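Proteins come first, then strands; the chains are lettered A, B, ... in the order of their sequence lines, and each starts at number 1. Everything numeric in this text was worked out from a predicted model, so none of it was measured.
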Protein chains: 2
Amino acid sequence: MKGKRTNLDDAACAIARSLGVIGDWWSLLIIRDALAGKRRFGELQKSLGMAKNILSARLQKLVEHGILATAPASDGTAYKAYVLTPKGKKLYLVLVALWQWGEEFCFAPGELTYDMVDRQTQKPFQPLELRARDGGVRGPGDLWALPRRAPKARRGTSSRR
Amino acid sequence: MKGKRTNLDDAACAIARSLGVIGDWWSLLIIRDALAGKRRFGELQKSLGMAKNILSARLQKLVEHGILATAPASDGTAYKAYVLTPKGKKLYLVLVALWQWGEEFCFAPGELTYDMVDRQTQKPFQPLELRARDGGVRGPGDLWALPRRAPKARRGTSSRR
DNA sequence: TGTCGATGGTTTTAATATGAAACCAGAATG
DNA sequence: CATTCTGGTTTCATATTAAAACCATCGACA
């Protein structure tokens with residue numbers, strides 16, 4: 001269609017699919033705040049400083065995608081809380097990767113006012129590392145997308161010529 | 001302003017800043033393709049299937065932000081190529097995190113047609129791990145944002161009451 | 001128990017961003 | 001020198017966004 005954002009939901013690439021779900025301006029920030037313990041609509045809205053209608057739409061989408069779930073508020077009131085599902089929590093590695101990159105490249109010296117630290121030790125984390133199965137560290141040039149064999153292939157169906 | 005996307009460029013949070021730069025529908029996909037070796041405008045446009053004006057705008061933004069740079073095409077023609085800078089290449093960890101998450105949560109069984117593998121061994125990578133400085137593995141609940149002390153503090157300037 | 005403010009949204013409106021297609025200039029090719 | 005290919009820009013219709021106004025329900029409290 002014309003002004004409609006292209007739908008990435010059934011791309012073959014896993015990156016594209018992920019972005020189809022959480023690849024907009026706000027979703028990852030909502031997840032960041034949820035991970036930091038913010039659960040209520042108003043809390044999120046104030047912390048993020050975003051328009052309420054947009055927050056509402058995003059929360060709905062994240063719930064639909066099983067990243068957030070609604071639960072009764074923990075303080076006994078009838079209001080509801082938004083909590084991360086296991087699927088949502090697993091996005092923390094994306095957040096860490098973004099944090100480490102942003103920290104390195106998006107701040108002038110001295111401008112950074114927050115560090116991301118381990119809650120227990122209050123010390124920074126190690127930089128993430130990509131490791132091959134043999135344990136060796138790999139870099140940006142080592143990524144490769146390998147097509148899978150046709151999955152339904154049984155005896156006698158394999159490519160022959 | 002009214003219909004304008006809120007500017008995240010000077011947020012205090014590193015995640016927000018990162019998203020301000022590469023947090024839109026297309027940027028990370030462009031970077032993925034660039035990492036896969038695609039360098040020419042047409043190549044990118046065909047591979048991504050996106051509108052040319054949007055690609056043009058995104059490339060411009062990525063160049064402005066120092067993630068891509070333009071270079072003369074390698075085949076001797078007068079056309080230009082878009083290549084990742086070191087800053088851009090370092091986004092590979094974000095891509096890997098998104099890939100691993102998407103692979104796990106965004107595909108029906110058997111639907112996945114590509115694996116992300118180590119170029120040399122053609123075998124999958126290990127899942128990324130978040131490690132504290134002591135080497136221990138940490139999870140989503142261990143993230144913490146620690147405010148930095150005021151940086152300019154010298155002798156005698158410290159908080160006293 | 002009735003009122004009043006807080007909470008959690010939805011609706012409306014104005015502005016901007018997106019996508020598709022048409023258009024165009026310069027480079028390559030013959 | 002003509003023709004096609006490449007790399008865009010322009011135009012237009014539509015979608016998405018942000019801000020503000022609005023509104024229903026909940027909670028606190030007199």
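In this structure, the CD atom of A:Gln60 is 13 Å from the C1' atom of C:dG8, given to the nearest Å. At whole-Å resolution of the value, CD1 in B:Ile54 and C1' in D:dT11 are 13 Å apart. At whole-Å resolution of the value, CG in B:Asn7 and P in C:dA17 are 11 Å apart. One atom, CD of B:Gln45, and another, P of D:dT6, lie 12 Å apart when rounded to the nearest Å. Distance CG (B:Leu44) to P (D:dT6): 14 Å, rounded to an integer number of Å. Rounded to whole Å, atom C1' of C:dG8 lies 14 Å from atom CE of A:Met50. Atom NZ in A:Lys46 sits about 16 Å away from atom C1' in C:dG9, given to the nearest Å. Rounded to an integer number of Å, the gap from B:Trp25 CH2 to C:dT18 C1' is 12 Å.
Using a 4.0 Å heavy-atom distance criterion, B:Lys52 is classed as a base contact.
Nearest-nucleotide positions on DNA chain D place A:Lys4 closer to the 5' end than the other of A:Lys4 and A:Gly49. The 5' end of DNA chain C is approached more closely, in terms of each residue's nearest nucleotide, by A:Leu59 than by the other of A:Leu59 and B:Arg58. Both A:Ala57 and B:Ala78 lie close to DNA chain C; mapped to their nearest nucleotides by heavy-atom distance, the more 5′-ward contact belongs to A:Ala57.
The side chain of A:Thr6 lies closest to C:dG19 when the candidates are D:dA19, D:dT6, C:dG19. Across C:dG8, C:dA20, D:dG27, the shortest atom-to-atom separation from the side chain of B:Ala51 is found for C:dA20. Comparing D:dC5, D:dG8, D:dA18 by their closest approach to the side chain of B:Lys2 singles out D:dA18.
More than 12 heavy atoms of other residues, nucleotides or ligands sit less than 6.0 Å from atom CZ of B:Phe107. Within a 6.0 Å sphere centred on NZ of B:Lys61, other residues, nucleotides and ligands contribute more than 12 heavy atoms.
Judged by distance alone, with hydrogens and angles left aside, the side-chain atoms of A:Arg131 form a donor-acceptor pair with the main-chain N or O of A:Gly135 at under 3.5 Å. With B:Ser18 contributing its side chain and A:Trp99 its backbone, the two residues share no donor-acceptor pair below 3.5 Å.
Side-chain nitrogen and oxygen atoms of A:Tyr82 include at least one within less than 4.0 Å of the OP1 or OP2 phosphate oxygen of C:dG9. At the phosphate of D:dA18, OP1 or OP2 sits under 4.0 Å from a side-chain N or O atom of A:Trp26. Note on A:Arg5: every side-chain N or O is 4.0 Å or more away from OP1 and OP2 of C:dA17. OP1 or OP2 of C:dT10 has at least one side-chain nitrogen or oxygen of A:Ser56 nearer than 4.0 Å.
Ion pairing between a basic and an acidic side chain is recognised when a charged N comes within 4.0 Å of a carboxylate O; A:Asp115 and B:Arg148 show such pairing.
Under 3.5 Å, the side chain of A:Asn53 and the base of C:dG9 form no donor-acceptor pair of N or O atoms.
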